[in-house]
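Reading through the structure tokens given below for one structure.
Note on naming: letters A, B, ... go to the chains in the order of the sequence lines (proteins, then strands), and numbering restarts at 1 for each one. Quick caveat, the model's predicted, so the values are computed rather than measured.
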Amino acid sequence: MLDIKFVRENVDAVKETLKKRGVELSFDGFLGSEQKRREILLEVEDLRNRRNVVSREVGALKKDGRDASAQMDEMKGVGEKIKALDEELKLHEQQMQDFLLNVPNMLNESVPVGADEDANIEIRKWGEPGEFDFKPLNHWDIGERHDIIDFERATKIAGSRFSLLKGAGARLERALMNFMLDHNTEAGYIEVFPPILVNREAMTGTGQLPKFEEDLFRVADSDFFLIPTAEVPVTNIHAGEILKEDQLPLYYTAYTPCFRREAGSHGKDTRGLIRQHQFNKVEMVKFTRPEDSFDELEKLTANAEDILQQLGLPYRTVVLCSGDIGFSASKTYDIEVWLPGQGKYREISSCSNFEDFQARRAGIRFKREGQKKTEFVHTLNGSGLAIGRTMVAILENFQQADGSVVIPEVLRPYMGMDQIG
RNA sequence: GGAGAGGUGGCAGAGUGGUUGAAUGCGGCGGUCUCGAAAACCGUUGUGCGUUUGCGCGUACCGGGGGUUCGAAUCCCCCCCUCUCCGCCA
């Protein structure tokens, strides 16, 4: 959420950002309503003040055993008046809130302007796509061949966009999970295991609600939602808290399953593990001081990249353009891993700085040493990494002519084997 | 699911209609003392919003919402949550 004062004083800049993002949003009534809100507030607080003063008088008079009926009569109608104004005020405040909750974050000036992912800019590349002297298979073919991924039975159990991992496949999933958590823990992240069902408030705090409810699974007859990413419960760990400056920066890492409706992606990635309703991910979340957040974004991204380097998977890093970046983010790097089966780079991690956008929604603040006033922290998060897609990358990149798949060195202690097949 | 208890400041814990933003203790911060520290003593210590160049002032907040009243942490109604016991259960 943007600061209402900021929006009031920077309407043109906000409109410019909306344009860059390709978002249509009407400001009609916003400024007038905001003006009106403050006028009413002034009036109603004045009335309250009067009531408080007179009521105190009444108390003093009665204590002395004197008559206070004149004062009491004077205040008779004031309560009603306050109530009426309060109602009007609430209406305006609700309008402000509804509006602000649907305004996306401002963009960092380094974000390239563009309509869609074609305008994203590659800023780094690591490793070279391997040469194969045979036609590399898709991961689903490899999975089938070794009987480690079973899509048919998963469909029977749940439906499309679900998968059943078996044997070395299930083992690889678990190995990746543990390897990533260990990696991040060594990098200074605190491991947590949060609830994966969260309430509406938490979803609003990180920005999934109210705008993107159709992307989420909601549990029937309750107001619980299945998390689409660990970002939601982990960022909300400190919702409504005031942290001390010396607690920052705060790093967390969490493995969780993630659940997404994929409502708008019919026909995309219908085969394989790339786009699932349920997938596993290890996530990193940071809480930082405002002045540190962009340095921390670089470090966060580097940390995610390091996982790919240790696994020996070629990747490139792109900075998302204004039309492709998410609602809550100020700046985002996507890390894309090379997939020989598809012959292209695919997103495997998304690392974002949200600045104070989520912190304002969720009420995550901190106080500087010796300072009285509180400030919003900056929040960041990034995948480290999406586990299913990492499995895809390993199967496709390390497949051999004989059909076997070589397990990366760093995973072998976790896998208990050197190769699959 | 059944029965009961309870939700007050960072924590513990008073407060049942009139300067109570809230006693007291602990913790935190500042100071006195000390070579230094501990102890002791003194002082200080919530957040949001509005307003003001600033000091400040005003207002709201004692789980949430509504009601009674000149006035509510205190009375009434509804809701939520937590805890204990029983039942069930990984």
Side-chain angles (χ1 to χ4, degrees), chain A residues 1-9 30-101 193-205 219 221-225 233 236-248 250 256-257 287 356-377:
Chain A
M1 190 161 62
L2 298 179
D3 182 11
I4 191 162
K5 272 183 250 170
F6 174 85
V7 177
R8 192 201 302 152
E9 288 159 16
F30 168 74
L31 291 171
S33 206
E34 157 64 1
Q35 174 75 22
K36 189 86 181 131
R37 178 185 74 91
R38 276 184 296 160
E39 278 168 19
I40 299 169
L41 187 61
L42 219 59
E43 193 181 348
V44 78
E45 288 200 346
D46 225 49
L47 276 178
R48 268 194 234 279
N49 176 236
R50 179 77 190 136
R51 182 174 70 179
N52 287 344
V53 169
V54 175
S55 293
R56 233 169 285 159
E57 265 175 48
V58 172
L61 286 171
K62 287 204 164 179
K63 210 173 191 173
D64 296 348
R66 295 163 60 195
D67 175 53
S69 51
Q71 283 79 356
M72 281 162 68
D73 285 346
E74 189 197 337
M75 287 302 106
K76 267 276 186 218
V78 172
E80 293 298 320
K81 217 163 170 183
I82 289 175
K83 208 181 293 171
L85 284 172
D86 259 346
E87 246 159 70
E88 207 180 328
L89 187 65
K90 234 185 243 173
L91 205 74
H92 285 290
E93 276 172 352
Q94 191 59 50
Q95 276 173 21
M96 296 293 96
Q97 188 75 356
D98 290 349
F99 175 79
L100 286 173
L101 282 175
F193 191 72
I196 59 178
L197 247 48
V198 301
N199 58 34
R200 190 169 282 274
E201 220 178 345
M203 281 292 185
T204 306
V219 178
D221 304 322
S222 79
D223 220 18
F224 288 126
F225 294 86
N236 276 288
I237 287 175
H238 294 296
E241 294 184 12
I242 300 172
L243 303 169
K244 291 201 197 102
E245 184 178 15
D246 62 16
Q247 288 180 266
L248 303 175
L250 209 43
T256 67
F287 301 83
D356 63 7
F357 189 84
Q358 294 181 325
R360 183 171 291 105
R361 286 177 166 244
I364 311 168
R365 293 168 293 171
F366 80 106
K367 206 179 273 197
R368 288 185 197 273
E369 206 67 48
Q371 290 278 338
K372 219 173 152 61
K373 77 175 209 307
T374 60
E375 294 175 54
F376 290 110
V377 302

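Taking atom CG of A:Leu41 as the reference point, atom C1' of B:G48 lies 12 Å away to the nearest angstrom. Atom-to-atom, CG of A:Leu100 to P of B:C49 comes out at 13 Å; the value is rounded to the nearest Å. Taking atom CG on A:Asp64 and atom C1' on B:G18, their separation rounds to 12 Å, with Å as the unit. We find that CD of A:Glu375 is positioned 15 Å from C1' of B:U47, with the value rounded to whole Å. A straight line from NZ of A:Lys63 to C1' of B:U20 spans 12 Å, rounded to a whole angstrom. Counting to the nearest Å, the C1' atom of B:G50 and the CZ atom of A:Arg37 are 9 Å from each other. Summarising the geometry, the separation between CE on A:Met1 and C1' on B:G48 is reported as 12 Å, rounded to the nearest angstrom. Summarising the geometry, the separation between NZ on A:Lys244 and P on B:G27 is reported as 14 Å, rounded to the nearest angstrom.
When both pairing distances are held under 3.5 Å, B:G25 makes a Watson-Crick or G-U pair with B:C11. Figure legend. B:G58 is base-paired to B:C49; pairs are counted as Watson-Crick or G-U wobble with both atom distances under 3.5 Å. Remark: B:A5 base-pairs with B:U82. Criterion, Watson-Crick or G-U wobble with two distances under 3.5 Å. Base pairing of B:A40 is made with B:U32, judged by Watson-Crick or G-U wobble geometry with both donor-acceptor distances under 3.5 Å. Base pairing of B:C70: its partner is B:G18, meeting the Watson-Crick or G-U wobble criterion (both donor-acceptor distances under 3.5 Å).
Two residues are said to be in side-chain contact when any heavy atoms from C-beta on lie closer than 4.5 Å; A:Phe376 and A:Asp3 fail this criterion. In this structure, A:Ile4 and A:Glu34 have side chains that are in contact, with non-hydrogen atoms separated by less than 4.5 Å. No side-chain heavy atom of A:Met203 sits less than 4.5 Å from a side-chain heavy atom of A:Asn236. With a 4.5 Å cut-off on side-chain heavy atoms, A:Glu241 and A:Phe366 do not count as touching. Residues A:Lys36 and A:Ile40 are in side-chain contact: their nearest non-hydrogen atoms beyond the backbone lie under 4.5 Å apart. Here the side chains of A:Glu74 and A:Glu57 are not in contact, with every heavy-atom distance at 4.5 Å or above.
Look at the C1' atom in both B:A12 and B:U19: the space between them is 27 Å, to the nearest Å. Annotation: B:G56 and B:G65 have their P atoms spaced 30 Å apart (nearest Å). Across B:U20 and B:G71, the matching C1' atoms stand 13 Å from one another, rounded to whole Å. Taking atom P in both B:G15 and B:U52, one finds a spacing of 43 Å when rounded to whole Å. The same atom, P, is picked in B:G6 and in B:C61; the two are 25 Å apart, to the nearest Å. Rounded to whole Å, the separation between the P atoms of B:C62 and B:G10 comes to 13 Å. For the P atoms, the distance from B:G54 to B:C42 is 37 Å, rounded to whole Å. Distance check on atom P: B:G46 versus B:G9 gives 14 Å, rounded to whole Å.
Nearest-nucleotide mapping onto RNA chain B: of A:Lys373 and A:Ala60, the residue sitting toward the 5' end is A:Ala60. In this structure, A:Glu34 and A:Ile242 both approach RNA chain B, and ranking their closest nucleotides by distance from the 5' end singles out A:Ile242.
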Nucleotide-resolved protein contact map, nucleotides 59-72 of chain B, B/S/- at heavy-atom distance under 4.0 Å:
SS-----SSS-BS-

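Counting only distance, with no hydrogens or angles, the side chain of A:Arg365 and the backbone of A:Lys373 share no donor-acceptor pair below 3.5 Å.
For the 3.5 Å distance criterion, the side chains of A:Asp98 and A:Gln94 qualify, holding a donor opposite an acceptor.
When the shell of 6.0 Å around CD of A:Gln247 is examined, it contains more than 12 heavy atoms from other residues, nucleotides or ligands.
Using a 4.0 Å heavy-atom criterion, one finds that A:Thr374 contacts the sugar-phosphate atoms exclusively.
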